[in-house]
Each structure stands twice: as structure tokens, then as C-alpha cells.
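Heads up: the structure comes next, in C-alpha cells.
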There are 2 protein chains.
Amino acid sequence: MARISVGTVDRVIHNRSGVSKKSRKRVEDILKKLDYQPNIYASALASNKKYAFACLLPQHLDGEYWTAVEAGINEAVKTYSDFNASVSFSFYDPYDYHSFLEMGDKLLNDGPVGIILAPTTPEYSKPFINRLIEKAIPYIYIDSLLKELPPLAFFGQNPGQSGYFAARIMMMMARENKEIAIFRMIHQGIVGSNQQENRELGFRQYMKEHHPDCKIWELDLHSNQPDTNNRTLDNFFKQHPLLSDCITFNSKVYIMGKYLRTHKMDNFHLIGYDLLKQNVDCLKDGSVSFLIAQQPELQGYNAIKALCDHLIFKKEINRINYMPIDLLTKETIDYYHNK
Amino acid sequence: MARISVGTVDRVIHNRSGVSKKSRKRVEDILKKLDYQPNIYASALASNKKYAFACLLPQHLDGEYWTAVEAGINEAVKTYSDFNASVSFSFYDPYDYHSFLEMGDKLLNDGPVGIILAPTTPEYSKPFINRLIEKAIPYIYIDSLLKELPPLAFFGQNPGQSGYFAARIMMMMARENKEIAIFRMIHQGIVGSNQQENRELGFRQYMKEHHPDCKIWELDLHSNQPDTNNRTLDNFFKQHPLLSDCITFNSKVYIMGKYLRTHKMDNFHLIGYDLLKQNVDCLKDGSVSFLIAQQPELQGYNAIKALCDHLIFKKEINRINYMPIDLLTKETIDYYHNK
DNA sequence: CGTATCTTTGTGGTCGCACACGATATTATA
DNA sequence: TATAATATCGTGTGCGACCACAAAGATACG
């Protein structure tokens, strides 16, 4: 239509040099008139590039929260495998800040073209992120967002808002009760996750606004000391016989659920986070009333998708993507999709 | 590897005739050993077939429930446009059973290769479905499922379960109250949707199991008579001054919400279905406490996806796909995705 | 005007696959 | 054994894009 060869059209489409102004204009006009959309599949076929991504997550046992994120990432890589997308995983110790840097450094040796990471604290993330910026490697945050080091995209829940919401649901159940409790999970004195703390902040915000006179007890449990925990809990409940509503902001509510079950504390209301298999079991047997979910599989999936959209399909992508705050119960859990 | 040309390999892959048993076996073995996965994009590129789908939905005004389904379908067609997928819509009058058949007939003239429909009653759907079976055109149900006329796939919520769940949430709010109310929306004496009735059945099931002594009032409103409705409501609330918890199983809870707002009935709890803009407004201003959603966009999207998976990519697809039962509140609505 | 240099354009091979058509091998029949 | 019929196989072209390289046109300079 523009009376020139496909080569020239190609140069215009890819904004390459070596085209006269006249020809360029002519081609651009026609492109616009036709609303030309390149066939991304043919394009990927022809360009035949490799896209090796890297992913840096906290170490975890099978079945814990991060397993779901991994699954979503693998799923996405599979769907994009025809575009030559691949991913390699590295894991850092969330309770040892140096580990993050070390694994980050190592991962760069493979020359990845895009990175997905669950960042640790801003101070310790910064040197690594700076190297990525230097090398112009796009990176995506999962789970928690460092606003001061803006990524290509972020996928995760708004922790404050989810805590705020959790408080409302809790108080619907608590009715006239004037005391509730928060259980924390710590490891060698370190919380190890920003999310937990921010959820609690949102929770307390709601309580201050709507139930300022409700007493909020707190109890710290230790992630790897079941026996101590049991004794701690025995003591705690002896001291608070009227308590019947508790929440925990980490993903291990099943520890509490099992305790309630073995002690036959049936009229207890428990709210927790994330759909670990053991949590879901508690939900189904009634020891946990509500679980709040955040679609970790989708977070992982969307992270890969965002990298592909950016690098392969040259699409605009949203920077901040808060995941839905999903409330699950015994009645709805069977219909919930993970992706 | 099998010492034969690509032509023969091609014949094996597509299960076409004209290959000796020996060669076929050899190729199949190698294919399996390599875990060969065809590049579906290259495949679609080369085959260059057209896929025209048709979609048959109830008539509706802009902004009503079905608009969202349409949006999801259009979105999906766009993502599959490089595979030459397209769709055309037809609409039937849900209060006139003959309309369904008539529009169904008309739509077949274009020779669609796949159909998406929101079925009406089994009796009236059957003749149309039979024609589809005759012509071997795959069809997908959206919203409601006719088990006796099994489709290629179904996408929709389990209405009974969602009603059952709604009852639990309602009674969490109702606390010690001993009476609640159900509002129905009818049109010329016809309910026009199976979903509404089945949700109510599930709701009553829960009430029977958990609150057998709770009184359930009922009130029928008419979809196109606002003045009559207002008078009906005035009367109703005069007769039931203690009532403070209501539910409606159709998507027009905003009618109730607006009534409550204009009458300053603040301590009222209202539960409704679907995220129409007006419903969401009520949720945000507090006149509606909870909305139950079912991701209509995703239903539409997945319907197209299922047809493409089946016809283009020859993938196995799930027949029965219940959508999640999502509970939304003022606190979580802003984080909810529609697709 | 001839040559060198730079700008602009065209050509042809490629990606992984589908498919039509023609070629060769094998078997059946006279 | 020659020929026909059938079974099996190979080749070439095209899908829509990418891109390296070569060719042609334009401009500058001596």
C-alpha cells in the first residue's frame, strides 16, 4: 500500500533508523488507518529469543505459603514456554539478612533478563536492587512492596486494609465480648515478615475506630517449639477464661486450630491467613472460622505474565497490583479457585 | 531421528492415514521420549483457520448483570484474536420462551463453530440444544446448568450453596433477632431465572438447620413499578417494626438500598448479589452490608477460553466449573478484581 | 564527471508448523 | 513379467513476522 517493501515497513514498525521521513510518514499513516496489530505469536516465532527469568524467594518447607507462589510461577512459565520463557529459583534465609544479598549476587551470574523477588527489609534489599537498576534488569516484587525502590510491578495484598477488614469480621463474631487476642509467630526474636506487622496495624486501627473499649491481649508463640507453645497457651487461657475470639496474622493459624481441637474448646472463634492445607483442614472441621486469602498462585502467575507482557509483548503493565482480600469459610472453600 | 521426512512425522502427529505401522510406531516412540509438545502458536499460524463463535444471552439494559458477562467474552475474543477467533451476540427475551428458540434458530444461519448460551428452562432449551448436538456444534452454558443436557462446559455459581452461605453471614449479623425478610423481584408474575429460586432454597436449608425458630417474612417487588414498590415497602415495615435483616437473591438489591437510605433506616442489614455499579454504591455508602459476587466477567472469559482450548488447542477441559462464592464489603470492594 | 560516503530500500532466509501434491515403494492382478 | 492399484513417503509453499545483508539511490567532494 505504501509502495515500498516489507523491509521498510518492518523498520518503521520497530522504530529502527534508515527510513526516509516521507516513507516513514506514509507507512505510519497506513498502519494507523488499518489499526494494525502485529501477530504476537508470529512475532515470537520469528524473533526466537530466549527469556530466562530468575526468582528469589524466602526458604520454605513444602506446603508453606511460598509453595503456592512457586506453583503459580511454574504454571505461568509453562503457558509461556512457547515464547521461550524459563525460570530458575533461588532461596534466601528470611532470618539472615546477608543470605538475601548472597543469593541475589549468585543469581545474577546466569544473566537473567527479568527478576521476581520477595524483598526483605529496605536496607538490605537496596544494594541488590541498585545492581538490578545498573544492569537495567526489570524486577517485580511479590508479597511486599518497597515504595522507595519502585519495581516494574508489584503483586500482593494491602496488609493494612486486610487487617482492618479482619477486625470487622472478628467483631461481628465477637458480639458483646469485650476482650480478644492476637497470636504472633516469631523465630529467634525476629518476625521475619513486614506483612504480619502491617496487618496488625490495620487491625488495631479498626479497633480504635469502632471498639476502643475492647481489650486486646497479645501472645507470642515460637515457630519451632511446640511444647513450650502448648504450655504458654495453657497458661494464657487459664488467665483469660472468658476469651473466645482470636486472630493470627501469619499463615500458621493451624497451630492454634489444633490446640483448640485437642482441648475441645468448641465455642472459640479463630481467624487466620492463607490457605495452607492444614489451615483448610481446620476451616473444614470448624476450629477456624474464617481464613483470609490472597491468591498467592495468582501473584506468582501474574509476576511472570508481567515480565512477558513487558519484555515480549511490549505491553503497558500496571505497577501496583493489590490482590483481592478473599474471605473463606467452611461453606465457600470448596468453590474457591487458586488461579 | 526416525529416518523419515517431516511429512510423515506430521501425519503421525495428526493421526492421519498413509503411514506404515512401523514408521508410525517409531515416530510415536520418539515423540514420547522427547515429550514433544507442538508449538501451538506456530500451529495456529500455519493452519490459518477461522473460528466464529456465537453467544445467546438474555436481553438486558446496559449496566445490568449480563453486561459483565459480555465484557468478559469480548475480552477473551480479543486475547484470542490472533487465532482468528470472533464472536457474535444474540439476545432473547427471558420472559418470552419462544424468543429463545427464535433467536437460537437465527444464530445458526451464520454457521458458528461453537456456542455460548445462558439457557432458559429445560423444556424450551431442549429443541435448540438438540439441533446443536445434531450439527455437532459444541456448546457452553453460562450462569445456569441443565444437567440433563450436558454441555462441553459450564461456568456459574452453585446457587444453593451461595444461598446457604448467605444465610450464615446474615445470621452472624442478625444476632439474637428472631425475624428476617426475603425480598423477591418479579416481572409480570414470572421470576425469569432459576438462580434466584435455587439461592433461596439453599438459604432456607441453612435456616432450617441452624435457626428453625427464626421467622422468615417474604415480599414480592415488581421490577418496573417503583411507586407501587415504595407503598408496598412502607406497609411492610409498618407491620414489622422490629425487622432489621433482609436479603434479596436477585441482582437489584440497590432498590432496597436506596429505599433504606431515603428513609434513614440506618441500623438495617442488607445482603444482595452481584456487583452492579448501583449495588456497589450502596455497599460503599453503607446501605448494603454485603454483596455476594460470582465473577461474571470471568465466566464469559472462561467460556471463550474453553471453546478455544477445545477447538484450537485440543486440550481437555473441565465440564463443571463452579465459580467462587465471593463475599464483598465496603472494606474489600476496592481490591476486588473483575477478571 | 568519477568516486567515495551515507541514506534509503529490497531480498531472502528463518522460526515451527500445516497441508497439498507429486514421487516412490509395495502389493495385487492379469 | 508387465501393468495397475494402493500404500507410503518427501518436497515445497505459505502463515506473519524478524533481521542480516546486499543493492540502489542520493549527496558531497575533488
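Note on naming: letters A, B, ... go to the chains in the order of the sequence lines (proteins, then strands), and numbering restarts at 1 for each one. On a predicted model such as this, the values are computed, not experimentally measured, just so you know.
Protein chain B contacts DNA chain D from D/dT8 to D/dG16, reading 5' to 3' and using non-hydrogen atoms of the protein with a distance under 4.0 Å.
As a whole-Å value, the separation of A/Arg16 CZ from C/dT7 C1' is 16 Å. Distance B/Gln37 CD to C/dC17 P: 10 Å, rounded to the nearest Å. Following rounding to the nearest Å, A/Asn39 (CG) and C/dC17 (P) show an atom-to-atom distance of 16 Å. Distance, B/Ile4 CD1 to C/dA23 C1': 16 Å, rounded to whole Å. Spacing between atom CG of B/Asn48 and atom P of C/dC17 amounts to 17 Å, rounded to whole angstrom units. Here the C1' atom of nucleotide C/dA20 and the NE2 atom of B/His14 are 14 Å apart, to the nearest Å. Protein atom CZ of A/Arg3 is 11 Å distant from nucleotide atom P of C/dG10, rounded to whole Å. Put simply, CZ on A/Arg26 is 13 Å from P on C/dT8, counting in whole angstrom units.
Listed pair B/Tyr41 / C/dA18 fails the phosphate criterion, with no side-chain N or O lying under 4.0 Å from OP1 or OP2. Taking only side-chain nitrogens and oxygens, B/Ser43 comes nearer than 4.0 Å to OP1 or OP2 of C/dA18.
Taking the six-membered ring wherever Trp is involved, the centroid distance between the rings of B/Phe128 and B/Phe100 falls below 6.0 Å. Between A/Phe155 and A/Tyr322, the gap from one ring centroid to the other reaches at least 6.0 Å.
Considering only side-chain atoms of B/Ser47, the nucleotide from C/dC19, C/dC17, C/dT9 that sits closest is C/dC19.
Closest-nucleotide positions on DNA chain C for A/Leu45 and B/Arg11 were compared, and the one nearer the 5' end corresponds to A/Leu45. Comparing A/Tyr36 and B/Arg24 by the nucleotide of DNA chain D that holds the closest heavy atom to each, the one mapping nearer the 5' end is B/Arg24.
Counting non-hydrogen atoms of other residues, nucleotides and ligands closer than 6.0 Å to NZ of A/Lys50 gives a total above 12. The neighbour count for A/Glu148 CD, taken as heavy atoms of other residues, nucleotides or ligands under 6.0 Å away, is above 12.
Between the side chains of B/Glu70 and B/His60, at least one donor-acceptor pair of N or O atoms lies under 3.5 Å. Side-chain polar atoms of B/Asp326 and B/Gln294 form no donor-acceptor pair below 3.5 angstrom.
Interatomic distance, CG of A/Leu307 versus OH of A/Tyr80, reported as 10.5 Å (0.5 Å rounding).
Looking at heavy-atom distances under 4.0 Å, A/Ser17 makes no contact with the nucleic acid at all.
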